[in-house]
There are 2 protein chains.
Amino acid sequence: MSRILVVDDEKDIVELVSLHLQREGHEVVSVGNGLAVLPMAVKTAPDLIVLDIMLPGIDGVQVHRRLRADTRTRHIPVIMLTARAQTNDRIAGLESGADDYLTKPFSPRELMLRIGAVLRRSQKVVMLAEQRIGEFLLDRKNMSLSISGKLIELTITELKLITTLMANPDVIHTRSELLSAVWGYADDTHSRTLDTHIKRLRDKLGDHGRHIGTLRRQGYLFQSVIQELADADA
Amino acid sequence: MSRILVVDDEKDIVELVSLHLQREGHEVVSVGNGLAVLPMAVKTAPDLIVLDIMLPGIDGVQVHRRLRADTRTRHIPVIMLTARAQTNDRIAGLESGADDYLTKPFSPRELMLRIGAVLRRSQKVVMLAEQRIGEFLLDRKNMSLSISGKLIELTITELKLITTLMANPDVIHTRSELLSAVWGYADDTHSRTLDTHIKRLRDKLGDHGRHIGTLRRQGYLFQSVIQELADADA
DNA sequence: TGTTCGGGTGACGAGACTGTGACGGCAGGA
DNA sequence: TCCTGCCGTCACAGTCTCGTCACCCGAACA
């Protein structure tokens, strides 16, 4: 699932950790020498680095600093392994820089949990570059909307509005929800602003404007298929 | 997950296919008559059409042609079902137009695989919802930029501009490239427009405006780390 | 049938946004 | 050192965009 770089000079540790990681479906790369970490990190672009603080040649803290200084590796989360013998100040120093740390001896189970947590935290939220609903094509890359290949010129407000509606088609978006999403209004300002923009949007969409439905007292919605709207109970 | 329109006059086939599709979480709409395909496709806006070539009333090839001729349906991918008895020319003709085709009799499993492949191909280009470069955080969902958590209010033009630059940080974007990406200008209009917007952007970014670098005669670039720019050979 | 309420519609003015041209300054080459 | 070309900066005017208001209409309900 993820690629993880394990840095430790004790082969036993590396093997133990690798075993557990692989069991969880991760790909493991390992290095035993501090000086080799940066080149290896650049080469393999791991999703996470498990870094022992005690290393031959160069200190783990130094390695960490170098990783952070290099634009190619600075975003990679690091979990530090420290020995109990380390002074508290040392640990505090690490704590500030690393994404997490663990004192030796540690249970593999705990390491796995922490790795899972860090990965989840750093996981990137992906979205569709293009969202298609029927003939509507929302191109987030170019910030544009087209219908059946025809570009519809929208203002930024209209674009935000339809983007919000299309994000959850066939679902009712309340007025306050839309006002919050598009205008950032916290309070339920009651004015004709939203209505007006809905109208402008519908006008620009021409015949397809009917995809934007109104539910009296409830809100608006983007209908993937145009149909009569029957109010549910209020 | 997706809405699929199945066109076949043999009820057994429709039922079989529908069953498998529904099992995979797809919504199925079906039609047994060639003439009903276009209206139904327009009405339900399916994500994919499975089209049998042998149909009563009107030939599947004709139907396909009509689908392609109509702006409302031309973008919908089509998988053709052909009988082994069809001549080779016929199949060649199909092959060019349809997104995929399958000869009867076929295994439902194979159809499912091909449908999966076509759907995957026809949609889903993913992008990061948030892009972070140093202190800069580009939030594509809310179409906003913030620096160290502070929201920067940008106009739509400025937003497109910095989005383009940030899409490939530390890479030179030529003037014509930017004019094309942001303004859609095909020709290299030479005016002060781009410069002016670059300046406005830099101003709004305050001290961080220095991330936008100029390379004389070459273009602009977003620098992930601020540094002196040395012109490469022109 | 009449009343009430929420949404639709059209107009308008303030302000924002944009593209342009003029001008100045700086870098690189002669 | 001067010249040339490219970019930075500024002011400005035209256009666009937005929020609001007044008024209309139709649905829901009594």
Side-chain angles (χ1 to χ4, degrees), chain A residues 143-145 152-162 165 172-185 187-206 209-221 223 228-234, chain B residues 143-145 152-162 165 172-206 209-221 228-234:
Chain A
M143 296 186 245
S144 67
L145 175 79
I152 309 290
E153 303 222 349
L154 299 179
T155 69
I156 185 69
T157 309
E158 290 154 3
L159 191 60
K160 281 186 183 176
L161 186 51
I162 193 140
L165 290 171
I172 302 176
H173 300 257
T174 64
R175 293 177 150 262
S176 49
E177 204 180 313
L178 293 169
L179 285 167
S180 155
V182 178
W183 285 270
Y185 291 171
D187 55 340
D188 192 344
T189 315
H190 111 45
S191 75
R192 300 260 61 78
T193 302
L194 176 56
D195 307 58
T196 303
H197 282 278
I198 287 281
K199 166 161 172 45
R200 286 173 184 155
L201 197 44
R202 281 176 175 150
D203 286 350
K204 287 199 183 176
L205 300 182
R210 292 185 298 142
H211 277 277
I212 299 177
T214 307
L215 276 172
R216 227 181 143 73
R217 291 185 50 81
Q218 297 189 74
Y220 296 95
L221 85 171
Q223 304 183 98
E228 289 305 310
L229 291 174
D231 268 74
D233 193 31
Chain B
M143 296 186 248
S144 66
L145 175 79
I152 309 290
E153 302 222 350
L154 298 180
T155 69
I156 184 68
T157 309
E158 289 154 3
L159 192 58
K160 281 186 183 176
L161 186 52
I162 193 143
L165 290 171
I172 301 176
H173 300 257
T174 64
R175 292 179 150 261
S176 48
E177 204 180 312
L178 293 169
L179 286 167
S180 157
V182 177
W183 287 270
Y185 290 171
D187 56 340
D188 193 344
T189 314
H190 105 49
S191 72
R192 301 262 61 77
T193 302
L194 177 57
D195 308 58
T196 302
H197 283 277
I198 288 281
K199 165 161 170 51
R200 285 171 184 157
L201 197 44
R202 280 175 175 153
D203 286 350
K204 287 198 184 177
L205 299 183
R210 291 184 298 141
H211 277 276
I212 300 178
T214 307
L215 278 171
R216 227 180 144 76
R217 290 184 51 82
Q218 299 190 72
Y220 295 95
L221 84 171
E228 288 306 308
L229 293 174
D231 268 72
D233 195 29

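Computed from heavy atoms alone, side chains included, the values below leave out hydrogens, waters and symmetry copies.
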Quick check on [N]: is either OP1 or OP2 less than 4.0 Å from any side-chain nitrogen or oxygen of [X]?
X	N	result
A:Lys199	C:dG7	no
B:Arg202	D:dG8	yes
B:Trp183	C:dT18	no
B:Thr214	D:dC7	no
B:Ser191	C:dT20	yes
A:Tyr220	C:dG6	no
A:Thr155	D:dC18	yes

Check: [Y] and [X] side chains under 4.5 Å, non-hydrogen atoms:
X	Y	result
A:Met143	B:Leu159	yes
B:Tyr220	B:Leu161	no
A:Leu145	A:Leu205	yes
B:Ile162	B:Lys204	no
B:His197	B:Thr193	yes

Distance check needed: [N] [atom2] versus [X] [atom1], whole Å only.
X	N	atom1	atom2	result
B:His197	D:dC10	NE2	P	16 Å
B:Ile212	D:dC7	CD1	C1'	15 Å
A:Leu179	D:dT20	CG	P	10 Å
A:Ile198	C:dG10	CD1	C1'	17 Å
A:Asp195	D:dC25	CG	P	17 Å
A:Glu158	D:dG19	CD	C1'	13 Å
A:Glu153	C:dT18	CD	P	13 Å
B:Arg200	D:dA11	CZ	P	12 Å

Output a table of nitrogen or oxygen pairs between the protein and nucleotides 1-6 of chain D separated by less than 3.5 Å.
from: D:dG5; atom 1: N2; to: B:Arg216; atom 2: NH2; distance (Å): 2.5
from: D:dG5; atom 1: N3; to: B:Arg216; atom 2: NH2; distance (Å): 3.4
from: D:dC6; atom 1: OP1; to: B:Arg217; atom 2: NH1; distance (Å): 2.8

Original post:
Between B:Asp203 and B:Lys199, is there a salt bridge with N-O shorter than 4.0 Å?
Top reply: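 Result for this pair is yes, salt bridge flagged.
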Subject >> Pairing of B:Asp195 and B:Arg202 as salt bridge, 4.0 angstrom limit >> reply: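 No, B:Asp195 and B:Arg202 are not salt-bridged.
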Original post:
What is the nucleic acid contact for B:Ile156, judged by heavy atoms within less than 4.0 Å: base, sugar-phosphate only, or nothing?
Top reply: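 Contact class for B:Ile156: sugar-phosphate only.
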Original post:
Choosing from D:dC10, D:dC18, C:dG10, which nucleotide comes nearest the side chain of B:Thr196?
Top reply: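 When the side chain of B:Thr196 is considered, D:dC10 is the closest of D:dC10, D:dC18, C:dG10.
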Original post:
For DNA chain C, whose closest nucleotide is more 5', that of B:Thr193 or that of B:Lys204?
Top reply: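 Mapping each residue to its closest nucleotide by heavy atoms, the 5'-most match is B:Lys204.
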**OP:** Kindly indicate, with the supporting measurements, whether the criterion side-chain contact (heavy atoms from CB on, under 4.5 Å) is fulfilled by A:Ile156 and B:Thr155.
**Re:** CA-CA 9 Å; A:Ile156 185 69; B:Thr155 69; over 6 Å; no
